2 protein chains.
Amino acid sequence: MADKNERRVFHNNEDCPIRNVIAQIGDKWSMLILFALVDGEDRFNSLKSRIVGISQRMLTQTLRDLEREGYVNRTVFPEVPVRVEYELTEMGREIVKPLYQLVSWAEHHHEKIKQARADYDSMA
Amino acid sequence: MADKNERRVFHNNEDCPIRNVIAQIGDKWSMLILFALVDGEDRFNSLKSRIVGISQRMLTQTLRDLEREGYVNRTVFPEVPVRVEYELTEMGREIVKPLYQLVSWAEHHHEKIKQARADYDSMA
DNA sequence: CGGAATCCTATTCGATACTG
DNA sequence: CAGTATCGAATAGGATTCCG
């Protein structure tokens, strides 16, 4: 057993990096948008059709949040009709790297996880 | 610009590994609990005091979910008073690796993110 | 085309009280 | 000690309508 003194204490507040990262990308759509923009810059409605099921409202809102956190750049081209393009910032391109590790792990263990869930539910 | 044909389409449903992983650990407490258990197995009330701010209800519920997904094992020792210990499963120990990558990235860029947020808020 | 504004629902989460 | 049960507040997110 681990020595009691080695046990860390975790604070769930704004200064906690764990809390911060989960608060930023732990919502329903952020990661999907980040991954979509890995393929290169894209327009609002193109993103909307590529991210199946997202509402206009949530796409706008999530893009604003990602822009605010510094992961996405927004560029307005004052044409008629207006064109708006979104692209990853340097920070955006960086954060997707560890995210890819996570997703590739998840893809690799997808079946095992579904199995664990089924096993658990078949009990009790 | 990226070729249009290279652009992937993302589906936010149960078969999407991205969605799955975020649905599992994207809540308020899961990652903190997983990281707490990295230090070794621990008891319910010990976890409760180490994860500052978590309520009894959410600790129970999140532990049950993590157990269901196969990340945590729960062992009851029928002593008086009862002792219940939680520990990471093999899968639990594995998923924290990519999570650590993410958190360490977040810690490293913590200031940059706060700055981006401040910059964004000072505009408009 | 790319939003903003409004309304409404479902889910999440915390507080509190009780229990084997 | 380690929960369960119940309630209520806050938040997230979807649907719809309108706009420059």
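For the numbers below, each heavy atom of this structure counts, side chains included, while hydrogens, waters and symmetry mates do not. Being a predicted model, the structure only gives us computed values, none of them experimental. Just so it is clear: chains get the letters A, B, ... in the order the sequence lines come, proteins before strands, and each one is counted from 1.
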Handout entry: Close side-chain approach of A:Met58 to A:Lys28, heavy-atom, < 4.5 Å
Key =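 A:Met58 vs A:Lys28: side chains apart.
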Practice task
Decide yes or no for A:Arg19 and A:Asn13: does some side-chain heavy atom of the first lie under 4.5 Å from some side-chain heavy atom of the second?
Solution key: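 They are not in side-chain contact.
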Using atom [atom1] of [X] as one end and atom [atom2] of [N] as the other, report the distance to the nearest whole Å.
X: B:Gln61; N: D:dA2; atom1: CD; atom2: C1'; value: 16 Å
X: A:Leu32; N: D:dG13; atom1: CG; atom2: C1'; value: 15 Å
X: A:Ile51; N: D:dG13; atom1: CD1; atom2: P; value: 14 Å
X: B:Leu59; N: C:dC13; atom1: CG; atom2: C1'; value: 14 Å
X: A:Glu67; N: C:dG2; atom1: CD; atom2: P; value: 15 Å
X: B:Met58; N: D:dG3; atom1: CE; atom2: P; value: 15 Å
X: B:Asp42; N: D:dC1; atom1: CG; atom2: C1'; value: 13 Å
X: B:Asp27; N: D:dG13; atom1: CG; atom2: P; value: 13 Å

Exercise for the section: Following the transitive rule for hydrophobic clusters with a side-chain heavy-atom cut-off under 4.5 Å over Ile, Leu, Val, Met, Phe, Trp and Tyr, establish whether A:Val9 and B:Phe44 coincide in one cluster. Expected result: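 No: no chain of side-chain contacts under 4.5 Å links A:Val9 to B:Phe44.
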Under 4.0 Å between any heavy atoms, over every strand shown, what does [X] touch: base, sugar-phosphate, or nothing? Just pick one.
X: B:Lys28; value: sugar-phosphate
X: B:Gln56; value: base
X: B:Val84; value: sugar-phosphate
X: B:Phe77; value: nothing

Does [N] have OP1 or OP2 under 4.0 Å away from a side-chain N or O of [X]?
X: A:Arg57; N: D:dT16; answer: no
X: B:Arg64; N: D:dG3; answer: yes
X: A:Arg43; N: C:dG2; answer: yes
X: B:Tyr86; N: D:dG3; answer: yes

Exercise for the section: Ignoring hydrogens and angles, state whether a donor on the side chain of B:Tyr71 or B:Gln24 is under 3.5 Å from an acceptor on the partner side chain. Expected result: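 Side chains of B:Tyr71 and B:Gln24: pair found under 3.5 Å.
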Exercise for the section: Report the residue (B:Ile54 or A:Leu63) whose heavy-atom-nearest nucleotide on DNA chain C is the more 5′ of the two. Expected result: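 Comparing both residues, the 5'-ward one is A:Leu63.
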Exercise for the section: Given side chain to side chain contact (heavy atoms under 4.5 Å, CB included), test B:Asn12 with A:Ile51 step by step and report yes or no. Expected result: CA-CA 8 Å; B:Asn12 183 15; A:Ile51 302 174; 5.9 Å; no
